[in-house]
Amino acid sequence: MSLSPEVVATLSKISTATITTVLLKKGLRNVWMRGAKPLRPGMPRLVGPAFTLRFVPAREDLATPESWSSPISTRTAIEAMPAGCIAVVDAMGITDAGIFGDILCARMQKRGVAALVTDGVVRDIEGVLGTNLPVWCDGFAAPASVTGLTFVGWGEPIGCGGVAIFPDDVIVADQDGAVVIPKAFLDHVLAEGEEQERMEAWIVNEVNNGASLPGLYPMNAETKARYAASKK
């Protein structure tokens with residue numbers, strides 16, 4: 001699935017915090033990926049369809065340097081990534097084996113991948129930063145992936161940071177981390193997200209002007225009326 005420029009532009013204005021609130025109101029509580037933190041501060045908010053990759057625990061006969069040349073390898077998976085996607089990698093929260101290094105990240109950058117999101121870690125940190133590929137991860141480690149993980153495939157449902165991610169779900173990542181918007185809820189987030197941002201900005205302005213929180217956040221009937229009037 002590709003996202004239209006209009007969808008990307010709209011979601012780029014909606015914070016991950018707001019998205020979690022909008023989805024919470026629809027009963028979705030588990031959409032924020034634990035451990036996926038921005039590797040570099042100050043990165044812009046990024047949006048893209050999920051391209052999923054999955055690791056399982058290392059098994060000595062499979063997790064070898066030779067496996068990097070296998071048809072089922074991270075190298076082959078990267079060549080299948082479409083431009084604009086966000087690669088979401090289930091690394092089982094393992095933090096002592098780097099799933100991708102500078103060479104793989106450089107190739108992803110060349111292919112137009114929007115970002116890498118994982119509950120694991122990367123390696124070759126200086127080189128990874130030098131590729132300018134936006135990365136959300138749980139840190140960095142020197143050992144290669146095969147020291148702790150076996151790569152088993154891509155394009156299937158995964159769990160990343162304790163969150164179920166299906167191919168082509170929509171990922172939004174910013175300074176608060178990375179969240180998933182299930183495909184079925186995309187239109188709802190597009191419809192409600194910008195309004196939630198406007199409303200909260202209005203509330204912040206009220207607070208800055210000295211308003212107290214009871215009746216303001218959440219709004220009572222009187223405050224809702226004042227807010228509605230402010231939009232006219």
State, to 0.1 Å, how close [X] and [Y] come at their nearest heavy-atom pair, and which atoms those are.
X      : Y      : value
Trp154 : Ala80  : NE1-CB, 4.0 Å
Ser12  : Val8   : OG-O, 2.7 Å
Gly101 : Asp124 : CA-OD2, 3.5 Å
Ala164 : Val180 : O-CG1, 4.3 Å
Cys160 : Ile165 : CB-CG1, 4.3 Å
Leu149 : Ile94  : CD2-CG1, 3.7 Å

Following the transitive rule for hydrophobic clusters with a side-chain heavy-atom cut-off under 4.5 Å over Ile, Leu, Val, Met, Phe, Trp and Tyr, establish whether [X] and [Y] coincide in one cluster.
X      : Y      : value
Leu104 : Val117 : no
Leu53  : Val170 : no
Val135 : Ile86  : no

Note, [X] side chain near [Y] side chain (heavy atom, < 4.5 Å):
X      : Y      : answer
Cys137 : Leu116 : no
Val89  : Phe55  : yes
Ile181 : Val31  : no

Given Gln196, which of Glu192, Arg198, Glu200 fulfils the side-chain hydrogen bond (donor to acceptor under 3.5 Å, both in side chains) condition?
->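 The side-chain hydrogen bond (donor to acceptor under 3.5 Å, both in side chains) with Gln196 is passed solely by Glu200 among Glu192, Arg198, Glu200.
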
Give a yes or no on whether the backbone of [Y] and the side-chain of [X] come within a donor-acceptor separation of less than 3.5 Å.
X      : Y      : value
Thr223 : Gly215 : yes
Asp96  : Gly148 : no
Ser67  : Ser70  : no
Trp32  : Asp176 : yes

Can you name the side-chain contact (heavy atoms from CB on, under 4.5 Å) partners of Leu24, sequence neighbours left out?
->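 By the side-chain contact (heavy atoms from CB on, under 4.5 Å) rule, Leu24 matches Arg29.
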
ILVMFWY clustering at 4.5 Å (side-chain atoms), partners of Met199 =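 When side chains under 4.5 Å apart are linked, the cluster holding Met199 also contains Trp202, Ile203, Val207, Leu213, Leu216, Tyr217, Met219, Tyr227.
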
Salt-bridge criterion met for Glu197 and Lys13 (N-O under 4.0 Å) =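 Lys13 and Glu197: not salt-bridged.
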
Charged N-O contact under 4.0 Å between Arg34 and Asp119 =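 No, Arg34 and Asp119 are not salt-bridged.
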
Does the side chain of Thr18 pick up a donor-acceptor pair with the side chain of Ser15 at under 3.5 Å?
->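 Yes.
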
